[in-house]
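Okay, structure first, notes after.
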Amino acid sequence: GGEEEEEEEEEEEAGRCPQWPSSPQGVTNLRMSQDQDMPGTSEGKSDKEEDNKQESLDNSEQSIRKKIRQNTPNPSIDNTPEASPPQFVSVEELMETAKGVTNMVLAHEIVVNGGFQIKPADLPENSLEKRMRDIVHKAFWDCLETQLKEDPPSYDHAIKLVGEIKETLLSFLLPGHTRLRNQIMEALDLELIKQEAENGALDISKLVEFIIGMMGTLCAPARDEEIKKLKDIHEIVPLFRAIFSVLDLMKMDMANFAVSSIRPHLMQQSVEYERKKFQELYEKQPNSLDFVTEWLQEAADDLRSKVALAVDDGATSTSGAAVLCPITIQNHAYLKLLKWNHLQKPFPETVLMDQSRFNEMQLELDQLILTGAILLVTLNAAGPALSGLSGFPDKLKMAIRVLLTGLHLPSFNLYEALAIISEKICAEVNSTLSQHGYTPFTLEKETALKGQVQALANPNNTICKLIDSRIQSFLESYLASGHQQSFPTVPGGLGPVQKELEEIAVKYVRLVNYNKMVFSPYYDAVLNKILNKEESP
């Protein structure tokens with residue numbers, strides 16, 4: 001009975017609400033403080049709870065270790081990366097490593113993603129976090145309203161809010177904004193405001209008027225409408241709430257301005273920075289290039305098989321040696337990323353930050369292959385009368401791409417989509433032929449065209465494979481051309497989708513070239529070991 005009473009007392013003590021934060025922004029700090037105040041161990045905990053905690057910690061370590069597996073062999077080291085037993089590290093080391101990964105990912109995202117922006121957190125409706133935040137906010141504003149309605153009014157909370165607003169306004173200033181800084185310091189002098197409140201001489205509406213005017217001076221033009229709305233609010237509590245809401249938007253604008261300002265400078269230093277951070281991670285976990293090694297090894301094996309086939313067909317061994325050079329293996333490895341099974345195969349560590357981008361391009365290429373195959377079949381059936389007609393291929397292409405939207409969704413039915421597309425194509429072809437004085441398709445020719453289009457649903461369809469092969473050839477040629485601005489010649493049959501293909505190629509090659517600049521020393525080290533291992537027998 002005594003132990004149960006102790007446990008109940010501990011639960012009551014742990015369940016007591018902390019003091020309300022001085023402002024709505026303190027909600028986050030409140031949540032963090034609650035997490036930090038939770039004891040690591042307690043005498044009242046059972047062995048089962050301790051075991052669960054230890055198991056959770058182990059799972060956390062494994063999860064973080066898996067995400068930040070680092071594969072950065074020092075080029076001066078000659079041993080091939082061998083699978084090594086897991087190395088157990090402390091939570092502090094894991095947190096430090098995770099922080100390094102976060103910084104590296106953030107810098108990489110700013111450089112690679114030209115449209116990168118910081119956005120406010122949007123909590124899901126009815127989520128526990130949102131409900132808790134709303135409850136705390138309501139309690140705070142209710143408390144403020146109660147104080148202001150006292151006789152005489154109490155301005156303790158209001159003055160604290162003015163202090164936070166003052167600090168926020170000062171944070172928006174640049175070093176040269178001396179005049180504005182002096183205006184803020186003079187108008188929002190907290191000591192003077194406290195004295196006025198104690199003597200009953202505080203004019204809070206005058207303070208608010210100055211604050212809104214200064215916000216209008218410092219905000220971006222996009223926030224002028226929000227500032228204007230503040231002037232229409234006359235009740236103090238709703239006005240303070242609206243002021244803090246607009247200040248949060250202004251903070252976001254300032255953060256995004258800072259990101260856009262540092263991007264050009266970050267571009268110059270990003271390669272060295274990412275390589276340095278990756279090297280630090282690799283030194284803590286030296287077994288983290290395993291997936292990179294497998295990736296490059298598979299690329300080398302693929303090319304070796306091609307060389308063997310070429311030799312069987314009469315090619316010289318000299319051409320085979322050229323195929324197996326490190327640059328060619330790297331380029332082929334990058335092409336394999338566009339055919340990756342993201343659900344079943346681990347992505348190489350050095351391109352992990354760009355996995356979503358490679359996956360997106362892979363999906364775009366899959367749709368482009370099918371679109372190109374449909375257009376090739378249709379234009380061959382229509383003959384030169386329509387294939388050379390200006391605007392007709394583009395009109396067909398637009399209709400096809402619309403009907404193929406959602407191609408990779410589980411609910412998408414490719415057979416039904418191709419049946420609809422074939423009907424649409426035949427109607428469009430016959431209409432265009434009639435408009436230009438040509439004979440429309442016969443029923444037999446329509447049936448044949450529909451059958452060819454619907455046959456493209458087969459993954460082993462010859463036409464789809466042909467289009468896929470030519471797209472891969474185009475990307476490989478563009479990748480091998482280095483930093484040249486001009487595109488290689490587009491292979492036959494890809495003319496109708498040339499624009500889309502070149503857009504994907506630009507994104508793809510830019511991403512690959514940046515990755516090469518960062519991680520080329522590690523790739524060279526791994527490839528040298530792979531090639532030397534093959535030559536040693």
Side-chain angles (χ1 to χ4, degrees), residues 108-109 111-116 295 331-345 347-348 351-379 393-415 417-418 420-421 424-425 453 456-461 463-481 487-516:
H108 180 83
E109 192 68 23
V111 171
V112 175
N113 183 4
F116 175 81
W295 169 49
N331 290 343
H332 186 69
Y334 282 116
L335 286 174
K336 289 176 69 68
L337 297 178
L338 298 176
K339 297 290 184 182
W340 205 265
N341 187 338
H342 294 268
L343 297 178
Q344 298 182 2
K345 194 173 182 181
F347 215 61
V351 287
L352 193 58
M353 290 187 293
D354 293 313
Q355 182 173 9
S356 61
R357 294 184 179 87
F358 281 108
N359 188 29
E360 181 182 352
M361 286 186 282
Q362 181 176 346
L363 300 181
E364 291 176 358
L365 284 174
D366 288 345
Q367 188 186 65
L368 196 64
I369 290 169
L370 195 52
T371 303
I374 295 171
L375 288 172
L376 181 62
V377 167
T378 303
L379 296 178
D394 289 337
K395 186 178 180 181
L396 276 184
K397 178 173 62 179
M398 186 179 301
I400 292 169
R401 289 175 68 86
V402 168
L403 293 172
L404 289 179
T405 301
L407 176 63
H408 295 88
L409 297 176
S411 59
F412 188 85
N413 191 318
L414 182 57
Y415 293 95
L418 289 178
I420 296 172
I421 289 173
K424 174 73 174 174
I425 285 175
V453 171
L456 298 175
N458 186 344
N460 297 318
N461 183 271
I463 298 175
C464 286
K465 285 189 171 183
L466 175 66
I467 296 294
D468 185 15
S469 174
R470 291 180 178 179
I471 287 177
Q472 293 290 315
S473 175
F474 175 82
L475 293 175
E476 187 174 14
S477 299
Y478 189 37
L479 196 57
S481 65
F487 289 101
T489 303
V490 176
L494 299 182
V497 295
Q498 178 176 350
K499 179 183 176 182
E500 291 78 10
L501 178 58
E502 289 178 350
E503 289 175 354
I504 296 174
V506 168
K507 293 190 297 183
Y508 171 70
V509 171
R510 183 187 296 127
L511 200 59
V512 167
N513 286 338
Y514 182 80
N515 185 266
K516 282 183 177 181

**Item:** Close side-chain approach of Leu479 and Leu475, heavy atoms under 4.5 Å
**Value:** no

**Asked** Just how far is it from atom CD1 of Ile425 to atom CG of Leu375, taken to the nearest 0.5 Å?
**Response** 7.0 Å

**Message:** Quick one, Ile374 and Leu418 - any side-chain contact, counting heavy atoms below 4.5 Å?
**Reply:** yes

**Message:** Is it the case that the side chain of Thr405 and the backbone of Val402 share a donor-acceptor pair, with hydrogens and angles ignored and the cut-off at 3.5 Å?
**Reply:** yes

**Message:** Is the shortest side-chain heavy-atom distance between Glu503 and Glu364 below 4.5 Å?
**Reply:** no

**Request:** Compute both the distance and the angle, then confirm whether Lys336 meets the cation-pi test with Trp295: under 6.0 Å from the six-membered ring centre, within 45 degrees of the axis.
**Result:** no

**Asked** Are Leu338 and Tyr508 close enough, and set up right, to give a side chain to side chain contact (heavy atoms under 4.5 Å, CB included), and what steps lead you there?
**Response** CA-CA 10 Å; Leu338 298 176; Tyr508 171 70; 3.7 Å; yes

**Asked** Does Ser477 reach the main-chain N or O of Ser473 with its side chain, forming a donor-acceptor pair under 3.5 Å?
**Response** yes

**Request:** Measure the acute angle between the ring planes of Phe358 and Phe347, then classify it against the limits of 30° and 60° as parallel, tilted or perpendicular.
**Result:** tilted

**Message:** According to side-chain hydrogen bond (donor to acceptor under 3.5 Å, both in side chains), does anything in residues 488-499 pair up with another residue at least two apart or in another chain? List the pairs.
**Reply:** Gln498-Glu502

**Asked** What closest approach, in Å, do Gln367 and Leu404 show between heavy atoms, and which atom pair accounts for it?
**Response** NE2-O, 3.2 Å

**Message:** Rounded at 0.5 Å granularity, tell me how far NZ in Lys507 sits from CD in Glu360.
**Reply:** 5.5 Å

**Request:** Give, for atom OG1 of Thr371 and atom CD1 of Ile400, the distance between the pair rounded to the nearest 0.5 Å.
**Result:** 6.0 Å

**Asked** How long is the gap from CG on Leu365 to CE on Met361, to the nearest 0.5 Å?
**Response** 8.0 Å

**Message:** Ignoring hydrogens, what is the shortest heavy-atom contact between Gly493 and Ile467? Give both atom names and the distance.
**Reply:** O-CD1, 4.2 Å

**Fill in**
Note: Ile463 and Ala373 closest approach over all heavy atoms is CG2-CB, 3.9 Å

**Complete:** Minimal heavy-atom distance between Arg357 and Met353, with the atoms involved, is NH1-O, 3.7 Å

**Complete:** Separation between CG (Leu494) and CZ (Arg470), nearest 0.5 Å, reads 7.0 Å

**Request:** Could you tell me whether Asp394 and Lys397 have a side-chain N and a carboxylate O separated by less than 4.0 Å?
**Result:** yes

**Prompt:** Gln362 side chain to Trp340 main-chain N or O, any donor-acceptor pair under 3.5 Å?
**Reply:** yes

**Asked** For atom NZ of Lys395, is the number of surrounding heavy atoms from other residues, nucleotides or ligands below 6.0 Å larger than 12?
**Response** no

Show me, pair by pair, the donor-acceptor contacts under 3.5 angstrom made by side chains of residues 406-415, not counting sequence neighbours?
unit_1, atom_1, unit_2, atom_2, d
His408, NE2, Asp366, OD2, 3.1
Asn413, OD1, Tyr415, N, 3.2
Asn413, OD1, Glu416, N, 3.1
Asn413, ND2, Glu416, OE2, 3.4

**NZ (Lys516) with more than 12 external heavy atoms under 6.0 Å** = yes

**Message:** Test your reading of the model: is there a side-chain donor-acceptor pair from Ser481 to the backbone of Tyr478, 3.5 Å cut-off?
**Reply:** yes

**Request:** Could you check Tyr334 against Asn515 for side chain to side chain donor-acceptor pair (under 3.5 Å), going step by step and ending with a plain yes or no?
**Result:** CA-CA 10 Å; Tyr334 282 116; Asn515 185 266; 2.7 Å; yes

**Asked** For the atom pair CD1 (Ile421) and CG (Leu370), what is the distance rounded to the nearest 0.5 Å?
**Response** 6.5 Å

**Prompt:** Tell me, do Leu337 and Gln355 make a side-chain contact under 4.5 Å, heavy atoms counted?
**Reply:** no

